[in-house]
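Okay, so here's the structure we're looking at.
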Amino acid sequence: MDDVSGPDLISDLPQSIIESILTRLPIRDAVRTSILSSKWRYKWSSLTQLVFDEKCVVLSSDRCDVEDSLVKFITRALFLHQGPIHKFQLTTNYLQCCPDIDQWLLFLSRNDIKELVLELGEGEWFRVPSCLFNCRKLTRLELFRCEFDPPPSFKGFLSLKSLNLHQVLISPEAIENLISSCPVLESLALSYFDCLSLTIRAPHLKYLCLEGEFKDICLENTPLLVAMSIAMYMTDDIAEHFEQSSGCNFNRFLGGVPHLERLIGHIYFTKYLSIGDDCGKVPITYNRLQVVELYQVSFEDMKEILVVLRLITNSPNLKELQISGSSNTLAAVEAPDLDFWERKCPSDCTFKKLRVVKMTDVSGVPHEMEFIKFLLANSPVLETVSISPCVYVIDGRVNMLIELLRFKRASAQAEIVFIPD
């Protein structure tokens, strides 16, 4: 650039704009700008966001060479760096138990690190060093395949707003203490946890994502939650634990989230909510809940059906509803008990805002069809009801469609879209 005639407009840009440009480049290319001219030699070294992955080096069939090159690249980048580092992200399948990571984290703990992401691939688990717990200014922490053991002296991350732990080895007591000791935590994601009973106390939490083999979940102090996605996997031990449960899981989980706007419940979620004593009247109304997605709802289990009804009939502003079934056709046909709908459905129920309903894996069993009938009859602004039959339902698809078309519709605009494949 020094030899090119005319003004060097890019080099004379404000440092904040140059940093914005360099941040959008892969770190390898950002470092390479140092050869452009003397002005650019150290421009990259003041970047506050450093994102490293395997693209930083030339990949080869020799794993040791790749590991060595990657370690040298990251170490040199940190050694030459000037000023604070607000974000450090490492995504690699090569450095699971590399001792150099400990040194990098020690360096970062002394440089006002705010966002830390360690995404390590398959292999040995990386044990998080104690220096991480000295990163007092952390606002975001994401750990993948790590061992996480806070020392007794740890008092929490007082500035942490986002916490994502994926396949992290941590004791139940430690995870509960960690969550409760992050007073401004807004986003929490826990995935691939095994046999965990979890009580969440997070008064500023807004977004929650849970995935794993959870024995029990209690949202004890989460009044500001606006969105949650829950996937619960079942084992024999957990199934036995469920059978012995008392109390009301529905209220324990959804009884204190009045600001909820979006709810996604994956496998076994409605089953979990259905366990326990009869909850009676729902303690709150979900005035802000607009989107509900429930997967693998068992329409032969009356308690699961009641969970769905309790949820949607107490959500006056619901706009979108998506449900997938997992019915055992024979079991459901043998015991239809259709009087249930007259006994349990409020006669004055109206879904005044519901516009879109999507039903997938529909097997056409009586309670499933009655549920669709109930929605059509009580949704005056409904626009679309899409029905996708279960792959195992072949011969009965025509009869299912005929029955659907006979149902009374509260909305003249409601269109039934039958998706056979």
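Computed from a predicted model, the values in this text were never measured in an experiment.
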Completion exercise
Rounded to the nearest 0.5 Å, the CG atom of Leu208 sits from the CG atom of Leu260 at a distance of 10.0 Å
Practice task
Quick one: sort the Phe157 and Phe133 rings into parallel, tilted or perpendicular, breaks at 30° and 60°.
Solution key: parallel
Practice task
Nearest 0.5 Å please: distance from the OG1 atom of Thr270 over to the CG atom of Leu311.
Solution key: 10.5 Å
Exercise for the section: Give a yes or no answer on whether the side chain of Asn317 reaches the backbone of Gln290 with a donor-acceptor pair at less than 3.5 Å. Expected result: no
Problem - Pairs where residues 144-172 contributes a residue and the test salt bridge (Lys or Arg N to Asp or Glu O under 4.0 Å) is met, not counting sequence neighbours - result: Glu122-Arg145, Arg127-Glu147, Arg127-Asp149
Handout entry: Any side-chain heavy-atom pair of Arg409 and Ile416 under 4.5 Å
Key = yes
Handout entry: Close side-chain approach of Thr92 and Leu120, heavy atoms under 4.5 Å
Key = yes
Practice task
Mark yes or no for whether Ser274, through its side chain, and Lys271, through its backbone, hold a donor-acceptor pair below 3.5 Å.
Solution key: yes
Exercise for the section: Might you work through the side chain to side chain contact (heavy atoms under 4.5 Å, CB included) test for Leu205 and Leu219, ending with a clear yes or no? Expected result: CA-CA 10 Å; Leu205 192 65; Leu219 303 183; over 6 Å; no
Practice task
Please round to the nearest 0.5 Å and tell me the distance separating atom CD of Gln322 and atom CD of Glu293.
Solution key: 4.5 Å
Problem - For Val168 against Leu143, the heavy-atom pair lying closest together - result: CG2-O, 3.5 Å
Problem - Tyr272 backbone acceptor or donor facing Asn249 side chain under 3.5 Å - result: yes
Handout entry: Side-chain donor or acceptor of Ser411 paired with backbone N/O of Leu382 under 3.5 Å
Key = yes
Fill in the blank from the handout: Rounded to the nearest 0.5 Å, the CG atom of Leu70 sits from the CG atom of Leu90 at a distance of 7.0 Å
Problem - Closest non-hydrogen atom pair between Asn378 and Pro380, with its separation - result: O-CD, 3.5 Å
Practice task
Over 60° means perpendicular and under 30° means parallel, so classify the ring planes of Phe269 and Phe253, tilted if in between.
Solution key: perpendicular
Problem - Distance-minimising heavy-atom pair for Leu158 and Val184 - result: O-CG2, 3.5 Å
Practice task
Using atom types as modelled and distance alone, determine if a side-chain donor or acceptor of Glu368 lies under 3.5 Å from a backbone N or O of Gly364.
Solution key: yes
Practice task
Give a yes or no on whether the backbone of Thr199 and the side-chain of Glu176 come within a donor-acceptor separation of less than 3.5 Å.
Solution key: yes
Exercise for the section: Using modelled atom types only, decide if a donor and an acceptor are shared between the side chain of Asp301 and the backbone of Lys303 within a distance under 3.5 Å. Expected result: yes
Exercise for the section: Keeping the roles fixed (side chain from Thr285, backbone from Asn287), state whether a donor-acceptor pair exists under 3.5 Å. Expected result: no
Problem - Side chain Gln296, main chain Ile267, donor-acceptor under 3.5 Å - result: no
Exercise for the section: Using a 4.5 Å cut-off on heavy atoms from C-beta on, say whether the side chain of Trp125 contacts that of Gln167. Expected result: yes
Exercise for the section: Mind checking the NE2-CD spacing from His204 to Glu186? Nearest 0.5 Å is all I need. Expected result: 8.0 Å
Problem - Residues Val297, Phe371; criterion side chain to side chain contact (heavy atoms under 4.5 Å, CB included); working and verdict - result: CA-CA 12 Å; Val297 176; Phe371 179 71; over 6 Å; no
Handout entry: Glu383 atom CD, neighbour heavy-atom count above 12 within 6.0 Å
Key = yes
Practice task
Grab the two heavy atoms, one from Leu108 and one from Leu116, that are nearest each other, plus how far apart they are.
Solution key: CD1-CD1, 4.3 Å
Exercise for the section: Kindly indicate whether the side chain of Lys87, heavy atoms from C-beta on, has any atom under 4.5 Å from the side chain of Arg140. Expected result: yes
Handout entry: Non-hydrogen atoms of Pro258 and Pro223 that approach each other most closely
Key = CD-O, 3.8 Å
Exercise for the section: Identify the heavy atoms of Val71 and Trp104 that sit nearest to each other, and give their distance. Expected result: O-CZ2, 3.8 Å
Exercise for the section: To the nearest 0.5 angstrom, please state how far the OG atom of Ser130 sits from the CZ atom of Phe154. Expected result: 12.0 Å
Practice task
Could you check if a side-chain atom of Leu198 sits within less than 4.5 angstrom of a side-chain atom of Leu190, using non-hydrogen atoms only?
Solution key: yes
Exercise for the section: For the pair Phe52 and Phe73, name the ring-plane relationship: parallel under 30°, tilted 30 to 60°, perpendicular over 60°. Expected result: perpendicular
Problem - Step-by-step side chain to side chain contact (heavy atoms under 4.5 Å, CB included) determination, Phe148 to Leu178 - result: CA-CA 10 Å; Phe148 193 83; Leu178 174 63; 3.6 Å; yes
Exercise for the section: Would you mind reporting whether Leu254 and Met228 have side-chain heavy atoms less than 4.5 Å apart? Expected result: yes
Practice task
Step by step, work out the side chain to side chain contact (heavy atoms under 4.5 Å, CB included) result for Leu375 and Val385.
Solution key: CA-CA 9 Å; Leu375 293 176; Val385 178; over 6 Å; no
Problem - Side chains of Ile74 and Ile101 in contact at under 4.5 Å (non-hydrogen atoms) - result: no
Exercise for the section: Please state whether the rings of Phe351 and Phe374 are parallel, tilted or perpendicular, taking 30° and 60° as the class boundaries. Expected result: perpendicular
Handout entry: Donor-acceptor contact below 3.5 Å, side chain Thr75 vs main chain Lys72
Key = no
Practice task
Using a 4.5 Å cut-off on heavy atoms from C-beta on, say whether the side chain of Pro389 contacts that of Phe418.
Solution key: yes
Problem - Sole candidate of Glu300, Glu370, His367 that passes side-chain contact (heavy atoms from CB on, under 4.5 Å) when paired with Ile305 - result: His367
